[in-house]
Amino acid sequence: MSAKHASRSDLDDDAKAIVGGDRVALGRAITLIESAKPEDQVRAQRLLELLLPRTGKTIRVGISGVPGAGKSTLIDQLGLNLVALGTKVAVLAVDPTSTRSGGSILGDKTRMGRLASEQGAFIRPSPAGDSLGGVTKTTRETIALAEAAGYDVVLVETVGVGQSETAVSNMVDVFVVVGIPGAGDELQGIKRGLLELADVIAVNKADGDQVERANRAAMEYRTALHILAAGNPNWSPEVLTVSARDNTGLDALWTKVEERHAALEKSGGLVARRAEQAVAWMREIFEQRLLAAFKGSKEVGRRWTEMEKKVRSGEMTPTAAAEKLGRLAGIGEG
Ligand SMILES: Nc1nc2c(ncn2[C@@H]2O[C@H](COP(=O)(O)OP(=O)(O)OP(=O)(O)O)[C@@H](O)[C@H]2O)c(=O)[nH]1
Ligand SMILES: [Mg+2]
């Protein structure tokens with residue numbers, strides 16, 4: 001099929017099907033977005049443009065935390081609770097390191113097994129990404145598709161040990177960090193950078209004989225946040241304890257998320273935040289393209305290793321070498 005011709009009406013049909021709630025069409029569109037083929041990318045972008053007016057009417061929530069904190073279990077239960085209320089829930093994941101042991105794609109599929117079988121839920125594991133940039137582009141665009149398909153809530157899971165949590169915080173409205181019981185030592189395990197992204201911290205596994213420890217951990221988080229927030233009057237994250245396993249505290253968690261979202265919406269902060277995110281996203285894609293074109297240039301490719309060697313040996317300064325490569329690629333002055 002020639003992409004040039006058949007495409008217009010095809011795309012219109014696809015868009016209509018997605019808006020109409022056709023899950024197969026939605027899945028197909030996501031596959032198109034994930035495709036690396038240039039002609040698929042063109043179609044994907046056209047489809048997204050058609051659907052753009054239908055996007056944005058959701059609550060976008062990022063869920064992060066150390067490996068094994070219970071993110072998937074929490075999303076499964078929270079998702080079930082929401083679906084029971086008639087809310088349509090889409091779950092996505094950002095995981096550029098899908099070889100990570102114990103978690104990731106297969107694990108998430110089975111851990112969200114109950115939610116996966118719900119009609120009102122849509123779960124899409126993250127693609128086997130080779131770069132964070134690629135996976136986040138896919139995830140952002142998949143959020144847009146899910147919104148056009150009528151999902152009310154989008155939950156994005158990511159593990160909080162790399163850069164993916166920052167990437168996810170830049171595509172959601174409210175960011176939840178899942179913590180675990182245990183004071184002091186375990187708190188150190190959570191990067192300060194992760195805490196700084198949080199709107200809500202849910203200390204999970206507050207069940208059985210861990211309730212006491214979970215409460216203590218919550219206290220420690222409050223203290224830590226108090227110190228971190230000292231210079232920032234606009235930031236005051238909430239801390240609560242939950243058990244994803246026993247489904248306790250999750251209603252309170254969701255209420256907090258909704259409150260945050262509503263406050264953002266009321267203040268105009270939501271529109272501003274999303275606009276800022278969209279522009280940052282444009283910049284990011286442009287930089288990626290630029291870098292790819294730059295490195296793809298034959299002349300640059302030929303001279304890259306030589307420049308690296310010269311910089312390593314101190315024969316050239318990094319700036320001079322970068323500028324030289326830039327000139328070879330036709331970027332930059334002179
Ligand atoms: N006791 C208890 N165990 C839990 C709870 N939530 C999750 N777990 C257990 O913690 C382990 C990890 O749960 P996951 O939901 O896979 O955690 P995750 O944060 O998604 O893990 P990764 O995706 O690998 O980073 C599993 O054995 C769960 O059964 C909880 O509320 N209470
Ligand atoms: Mg998980």
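Each ligand, and each atom within it, is numbered from 1 in the order the structure gives.
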Peer 1: Are any of the N/O atoms in Val242 less than 3.5 Å from those in ligand 1?
Peer 2: no
Peer 1: Is it the case that Gln41 and Ser35 place a side-chain donor and acceptor less than 3.5 Å from each other?
Peer 2: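 No pair is found: no donor N or O on one side chain lies under 3.5 Å from an acceptor on the other.
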Peer 1: So, 4.0 Å and heavy atoms of Ser243: is ligand 1 close enough to count as a contact?
Peer 2: yes
Peer 1: Any atoms of ligand 1 less than 4.0 Å from a non-hydrogen atom of Ala244? List them with their elements.
Peer 2: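 Reading through ligand 1 atom by atom, the close ones are 6 (N), 31 (O).
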Peer 1: Go through ligand 1 atom by atom and flag the ones less than 4.0 Å from a non-hydrogen atom of Lys71.
Peer 2: 15 (O), 17 (O), 18 (P), 19 (O), 20 (O), 21 (O), 22 (P), 25 (O)
Peer 1: Decide whether an N or O pair under 3.5 Å exists between Asp246 and ligand 1.
Peer 2: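 No, no N or O pair falls under 3.5 Å.
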Peer 1: Quick check on contacts: which atoms of ligand 1 are under 4.0 angstrom from a heavy atom of Pro67?
Peer 2: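 Reading through ligand 1 atom by atom, the close ones are 25 (O).
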Peer 1: Looking just at side-chain N and O atoms, do Glu258 and Trp254 make a donor-acceptor pair shorter than 3.5 Å?
Peer 2: yes
Peer 1: Quick check against the 3.5 Å criterion: does Arg216 have a side-chain atom that pairs as donor or acceptor with the backbone of Val211?
Peer 2: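 Such a contact is absent between Arg216 side chain and Val211 backbone.
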Peer 1: The criterion is side chain to side chain donor-acceptor pair (under 3.5 Å); which residues satisfy it with Glu287, sequence neighbours excluded?
Peer 2: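 By the side chain to side chain donor-acceptor pair (under 3.5 Å) rule, Glu287 matches no residue at all.
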Peer 1: Can Arg213 and Gln210 be counted as having a side-chain donor-acceptor contact under 3.5 angstrom?
Peer 2: yes
Peer 1: Taking both backbone and side-chain atoms into account, decide whether Thr73 has an N/O/S atom under 2.8 Å from the Mg ion (ligand 2).
Peer 2: no
Peer 1: Using side-chain heavy atoms (C-beta onward) and a distance below 4.5 Å, is Glu157 in contact with Met112?
Peer 2: yes
Peer 1: Which atoms of ligand 1 are found less than 4.0 Å from any heavy atom of Glu157?
Peer 2: 20 (O), 23 (O)
Peer 1: Do any nitrogen or oxygen atoms of Leu74 come within less than 3.5 Å of a nitrogen or oxygen of ligand 1?
Peer 2: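 No.
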Peer 1: Provide the number and element of each atom of ligand 1 under 4.0 Å from a heavy atom of Asp207.
Peer 2: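 Once the distances to Asp207 are compared, the set is 1 (N), 2 (C), 30 (C), 31 (O), 32 (N).
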Peer 1: Closest to the Mg ion (ligand 2), which N/O/S atom of Glu157 is it?
Peer 2: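 Glu157's closest N, O or S atom to the Mg ion (ligand 2) is named OE2.
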Peer 1: Does Asp76 have any salt bridge (Lys or Arg N to Asp or Glu O under 4.0 Å) partners at least two apart in sequence or in another chain, and if so, which?
Peer 2: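 Once residues adjacent in sequence are excluded, the partners of Asp76 under the salt bridge (Lys or Arg N to Asp or Glu O under 4.0 Å) criterion are Arg114.
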Peer 1: Check the side chains of Thr58 and Glu147 for a donor-acceptor pair under 3.5 angstrom, ignoring hydrogens and angles.
Peer 2: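 Indeed, the side chains of Glu147 and Thr58 share at least one donor-acceptor pair under 3.5 Å.
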